[in-house]
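Have a look at the structure below, then the notes.
To find a chain, count down the sequence lines: A is the first, B the second, and so on, and within it residues start at 1. Basis for what follows: all heavy atoms, side chains included, without hydrogens, waters or symmetry-related copies.
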Amino acid sequence: MTNPDGRPKLPLAMAYDPARIEKKWQQYWEENQTFRAELDPSRPKYYVLDMFPYPSGDGLHVGHPEGYTATDIMARYKRMRGFNVLHPMGWDAFGLPAEQYAIKTGTHPRVTTERNIRNFKRQIQSLGFSYDWSREIDTTDPNYVRWTQWIFRKLFEMGLAYEAEVPVNWCPELGTVLANEEVIDGKSEVGGHPVIRMPLKQWMLRITRYADRLIEDLEELDWPEPIKKMQRDWIGRSEGAHVRFPVVDHPEIAIEVFTTRPDTLFGATYMVLAPEHPLVDAITTEENREAVSAYVERAARRSERARMADTGRKTGVATGAMARNPVNGAEIPIWIADYVLAGYGTGAIMAVPAHDERDWEFARTFDLPIVQVVEGGDVDRAAWTGPGRATASGFLDGLETEDAKRKMIEWLEAEGVGKGTVTYKLRDWLFSRQRYWGEPFPVVHHEDGKIELIPESDLPLTLPELDDFKPTGENFEAPLARVKDWIETTDPEGRRVLRDPNTMPQWAGSCWYFLRFLDPTNEEAPWSAEAENYWMPVDLYVGGAEHAVLHLLYSRFWHKVFYDLGLVHTKEPFQKLVNQGMILGESFRYFDDDIADEKKEPVKRYSFDQIRETDEGPVAKDDGRPLKARWIQLGDVAYDAEGNPVHPEDPDLRLERVVEKMSKSKGNVINPDDVIREHGADSMRLYEMFIGPLEKAAPWSTEGIQGIHRFLQRAWRLFHEGKEDEERYRPPVEGAGTDEQRRLTARTLQGVTEDIEAMRFNTAISKLMVFVRDIAKKDPLPMASAEIFTLMLAPMAPHIAEELWSLMGHENTLAYEPWPEPDGRYLEEDELTLVVQVNGKKRGEIRVPAEASKELVEERALAHENVQKILGGREPRKVIVVPGRLVNVVAPA
RNA sequence: GCCCGGGUGGCGAAAUCGGUAGACGCGGGCGACUUAAAAUCGCCUGGCCCCAGGUCAUGCAGGUUCGAGUCCUGCCCCGGGCACCA
């Protein structure tokens with residue numbers, strides 16, 4: 001746009017206006033397909049991935065953009081470093097909330113899901129992330145479901161998917177079974193509903209076959225050590241032995257146990273079976289039958305939770321049967337107790353009370369003999385579980401624990417009564433859910449019970465339409481079981497067959513989405529070998545730590561299956577993993593005595609200093625009555641004259657300020673839309689990166705973001721002159737500026753580069769703040785510094801950077817501008833300031849030439865007046881010179 | 001109970017190789033501009049004291065070292081994970 005006289009027309013209002021420039025550049029990027037990634041073997045690739053979100057009805061949360069901003073900075077930085085960057089986004093859109101919403105309102109989950117995706121996408125795009133939207137994925141899209149089902153076919157063909165009657169975690173509230181990983185403390189991970197154990201026929205995936213590889217291959221991954229450890233612990237590999245104990249008077253029966261301490265076999269003084277153990281019935285004597293059945297029944301009724309609450313208190317009952325210890329022929333009683341778990345090992349143990357805490361407690365409770373067979377500790381007072389020399393153990397006597405284990409296993413194998421074995425805590429993955437909103441299993445059931453895959457050409461098998469999404473609650477059946485004309489079908493030969501009423505868990509879609517991103521529109525295959533070969537593995541994966549054992553274990557498992565099928569070329573999908581911390585909210589609470597939520601009148605309110613926390617919850621300090629915490633919505637909080645938060649209707653009631661996880665019920669949720677409207681996307685991005693290290697949780701602060709916004713305004717004003725609405729672009733002066741400016745620019749660039757490489761965005765931003773503060777203090781901003789600054793800012797605050805870049809006269813986006821190199825000549829100082837210490841305490845400073853010798857530095861330090869004063873003429877005992885840092889003079893004592 | 005993280009100003013933090021503790025930001029204070037306020041700009045801001053200086057200070061108590069937020073030992077507190085796994 002030009003004036004009649006040909007000069008460029010400068011817009012009048014140029015004040016930093018994020019709303020204007022952010023929209024402008026988001027449109028530019030979209031119209032120019034700036035971030036579209038194409039396979040290009042001539043260039044190095046960088047695949048940077050976010051854990052894709054479940055598009056919930058609440059919309060984006062301020063927690064989401066933290067990880068997304070971090071990956072976006074890395075994506076933009078790597079592009080400027082010449083990498084071909086793959087940075088995609090998609091939707092993990094199957095799942096319970098949409099289905100539960102459907103149950104409540106009758107709205108089809110597809111409708112809700114589509115609406116939520118639209119909203120999420122709008123919000124994510126308003127933050128200016130450089131995703132290649134042409135690769136967007138939705139796990140509920142039939143074109144995606146088709147390949148998830150295709151993968152299930154592969155799993156089935158490899159014998160990794162099977163149906164089995166297993167004890168499962170049934171959640172009556174959710175009306176479905178859950179995987180072990182989805183149950184926390186006997187409650188569902190989602191919603192915290194009670195879960196009961198019961199046997200049901202379910203689809204299982206043989207993840208246990210990959211247990212060893214899932215442990216071993218963790219080694220080479222650049223993951224946080226705690227996450228690796230959680231995975232190792234979850235898999236829970238332990239080495240030991242299986243040993244068979246013959247049952248006296250039952251020549252046909254032997255009880256097999258697993259033990260990690262075969263070296264203590266001589267100390268086994270009794271055995272214990274889990275109440276669910278299949279041999280319980282067969283071995284129980286008539287006299288004990290009644291007591292045993294009563295105990296078994298009671299154990300079956302008790303919930304997992306009650307059982308866990310009792311940990312420590314030992315209960316059990318004798319069967320009356322005896323077993324023979326195979327090493328010494330001793331007859332030992334067989335008991336039943338619920339401290340032995342049916343699901344681990346063989347469901348039976350040999351009890352060595354002297355060297356196992358649980359057995360010791362049980363033996364004490366029921367007065368069973370305790371025989372020490374490992375030296376160490378005092379077994380009358382506590383079990384000795386540490387290592388030691390074997391004793392009272394026949395041929396093991398004198399051997400250290402490790403040697404004794406080895407020798408016992410040799411003996412067991414030679415005698416044919418046992419063998420060395422490895423056991424895992426990890427169970428096979430329970431893979432079916434009694435839900436509607438998931439991938440149907442691509443199988444049919446024949447009348448004779450045979451299961452057959454439906455032909456590949458029939459994929460995707462889509463969900464039938466439904467009006468009522470409720471679980472039936474009868475026979476633990478899924479909603480699909482009611483859709484007779486979908487369930488009942490015929491196979492290609494015309495035989496009557498039934499479809500499977502179950503659907504896959506939400507994890508199915510997220511187990512392989514990172515591979516679909518490589519080649520999202522492929523019709524012939526889930527992805528092409530060419531794309532996989534070029535883009536994989538994921539170089540950087542960022543997401544919440546809550547997926548440590550769920551998503552990350554499942555997807556590693558699938559990836560290994562793909563590896564075995566030759567579908568991928570790396571053993572592991574995610575090379576580097578970073579867990580971002582949570583953004584916490586500030587909430588305000590008080591207490592009242594309406595514990596039943598019956599809106600009773602009058603209600604008595606309590607401030608935080610009038611209550612006391614007990615095991616049963618908060619109670620009033622004065623009369624001890626039970627109370628319930630209440631929260632005031634962030635926007636409704638009132639303040640008294642001293643600025644203390646108070647109840648809006650009761651100004652005398654002081655509110656307690658609590659920093660905690662954001663949730664609707666606590667009224668402390670911050671909506672990204674509001675933040676962007678007020679401060680802009682660049683401020684939001686920078687703020688989330690500035691509040692602390694990425695991995696650490698940090699509270700959201702409404703004041704804090706203003707500091708960032710001010711920084712961006714200052715940066716803007718470096719390039720502008722004039723007041724308020726008459727602000728005009730003022731071009732930086734030609735050239736590279738003064739030595740001081742060159743030094744600041746070079747030093748900032750070096751520091752920011754190192755910080756971004758290490759993902760220390762908080763310190764990178766603080767360096768940019770220092771730069772903005774100092775660069776034009778004395779002399780006008782030079783063009784070279786201006787350009788370098790803009791490029792450094794670009795990965796973190798891309799909109800303002802693009803705007804400044806174009807104001808400086810550049811025609812194209814800076815997204816692909818090469819990352820600048822610092823001028824080495826300006827990184828070094830000619831003169832240094834060294835700290836002078838006496839006995840490690842700072843006493844002064846000296847200025848010395850950068851290349852000053854140790855001797856000169858020493859001499860100058862000793863000449864310092866404070867040093868002279870303290871030494872008082874004495875000779876120093878020692879002088880330590882740390883080059884470039886300090887001089888420490890050690891005074892005589 | 002066991003295993004990981006982590007405790008630094010009023011607050012978020014920095015110091016990552018054992019070498020000036022508190023960069024940067026928030027909040028607070030003072031000043032400039034303004035009729036005034038906001039905005040902006042400048043300066044100050046860990047405690048204490050005999051205040052040109054000194055002294056104490058990185059959860060607590062010790063230790064190693066010329067020198068410790070950083071390394072070692074013991075303890076306390078907070079967050080997370082696992083939880084009768086034989």
Side-chain angles (χ1 to χ4, degrees), chain A residues 184-185 224-230 232-234 236-238 240 257-262 264 268 272 274 307-308 310-314 337-341 343-352 355-359 361-362 385 423-427 545-546 548-549 581-582 586 643 659 686-687 690-693 695-708 710-711 713-714 717 723-724 754 758 760 762-770 773 833-845 866 876-891:
Chain A
I184 314 276
D185 289 341
E225 211 43 58
I227 301 286
K228 289 195 195 181
K229 195 175 173 303
M230 273 155 84
R232 278 190 210 107
D233 290 351
W234 189 264
R237 180 192 152 98
S238 57
V257 302
F258 174 72
T259 176
T260 54
R261 294 295 300 273
T264 62
V272 185
R307 207 165 144 162
M308 265 185 310
D310 267 8
T311 303
R313 257 192 313 256
K314 296 283 180 288
D338 65 2
Y339 84 90
V340 172
L341 306 175
Y344 184 76
T346 62
I349 62 156
M350 64 175 208
V352 184
H355 306 293
D356 181 282
E357 279 159 28
R358 298 149 300 179
D359 296 346
E361 272 171 43
F362 191 81
T385 58
T423 303
Y424 302 90
K425 242 163 84 179
L426 181 72
R427 311 279 84 199
E546 66 273 20
V549 286
M582 221 184 311
E586 191 177 48
V659 170
L686 279 186
Y687 176 66
F690 185 66
I691 48 179
E695 300 80 3
K696 219 187 136 183
W700 180 270
S701 145
T702 313
E703 291 81 36
I705 193 166
Q706 286 165 10
I708 284 290
R710 275 199 281 271
F711 158 66
Q713 276 174 332
R714 268 181 227 129
R717 279 199 303 270
K723 283 251 147 82
E724 315 249 314
E754 281 170 12
R760 289 187 303 249
N762 52 335
T763 51
I765 293 166
S766 81
K767 289 181 176 86
L768 292 176
M769 287 173 166
V770 172
R773 184 190 66 192
T833 303
L834 299 188
V835 160
V836 178
Q837 298 183 331
V838 178
N839 293 337
K841 280 202 172 94
K842 185 183 169 185
R843 297 295 168 181
E845 287 177 355
N866 290 348
R877 197 143 59 90
K878 206 172 176 184
V879 179
I880 290 144
V881 177
V882 183
R885 289 264 183 195
L886 54 73
V887 191
N888 188 14
V889 178
V890 186

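Using N1 to N3 plus N6-O4 or O6-N4 for Watson-Crick, or N1-O2 and O6-N3 for G-U wobble, each under 3.5 Å, B:rC82 pairs with B:rG1. For B:rU40, the paired base is B:rA32 (Watson-Crick or G-U wobble, both distances below 3.5 Å). A 3.5 Å limit on both hydrogen-bonding distances identifies B:rC72 as the Watson-Crick or G-U partner of B:rG62.
Within the 4.0 angstrom heavy-atom criterion, no nucleotide atom of any strand lies near A:Asp233. Contacts of A:Ser238 with the nucleic acid, taken as non-hydrogen atoms under 4.0 Å apart, involve only primed sugar atoms and P, OP1 or OP2. Nucleic acid contact for A:Thr763: sugar-phosphate only, since backbone atoms but no base atoms lie under 4.0 Å from a heavy atom of the residue. Residue-level contact check: A:Glu357 touches neither bases nor backbone, having no heavy atom under 4.0 Å from any strand. Looking at heavy-atom distances under 4.0 Å, A:Val890 makes contact with sugar-phosphate atoms alone, never a base. Heavy atoms of A:Asp359 sit nowhere under 4.0 angstrom from any nucleic acid atom. Here A:Pro693 lies in heavy-atom contact (under 4.0 Å) with sugar-phosphate atoms only. Counting any heavy atom pair closer than 4.0 Å across all strands shown, A:Val770 reaches sugar-phosphate atoms only and no base atom.
Between A:Arg760 and B:rU16 there is no side-chain polar atom (N or O) within less than 4.0 angstrom of OP1 or OP2. In this structure, A:Arg714 does not reach the B:rU40 phosphate: none of its side-chain N or O atoms is under 4.0 Å from OP1 or OP2. Taking 4.0 angstrom as the limit, A:Lys314 places none of its side-chain polar atoms (N or O) nearer than this to OP1 or OP2 of B:rC84. At least one side-chain nitrogen or oxygen of A:Arg843 sits closer than 4.0 Å to the OP1 or OP2 atom of B:rU55.
The base of B:rC24 is not paired with the side chain of A:Lys767 by any donor and acceptor separated by under 3.5 Å.
Of the candidates B:rA86, B:rU20, B:rA83, B:rA86 carries the atom nearest the A:Ile349 side chain, counting heavy atoms from C-beta on. Listed nucleotides: B:rC84, B:rG12, B:rC82. Nearest to the side chain of A:Lys425: B:rC82.
Residue A:Lys229 contributes atom NZ, which lies 17 Å from atom P of B:rG80 at whole-angstrom precision.
Atoms CE and CG, on A:Met769 and A:Leu686 in that order, are 7.5 Å from each other to the nearest 0.5 Å. Remark: A:Ile349 CD1 to A:Asp359 CG distance equals 4.0 Å, nearest 0.5 Å.
Straight-line distance between the P atoms of B:rG63 and B:rA57: roughly 14 Å, to the nearest whole Å.
Listed here is the closest heavy atom pair of A:Val257 and A:Thr346: CA-OG1, 3.3 Å.
Looking at residues two or more places apart in sequence or on another chain, you find no side chain to side chain donor-acceptor pair (under 3.5 Å) involving A:Arg717.
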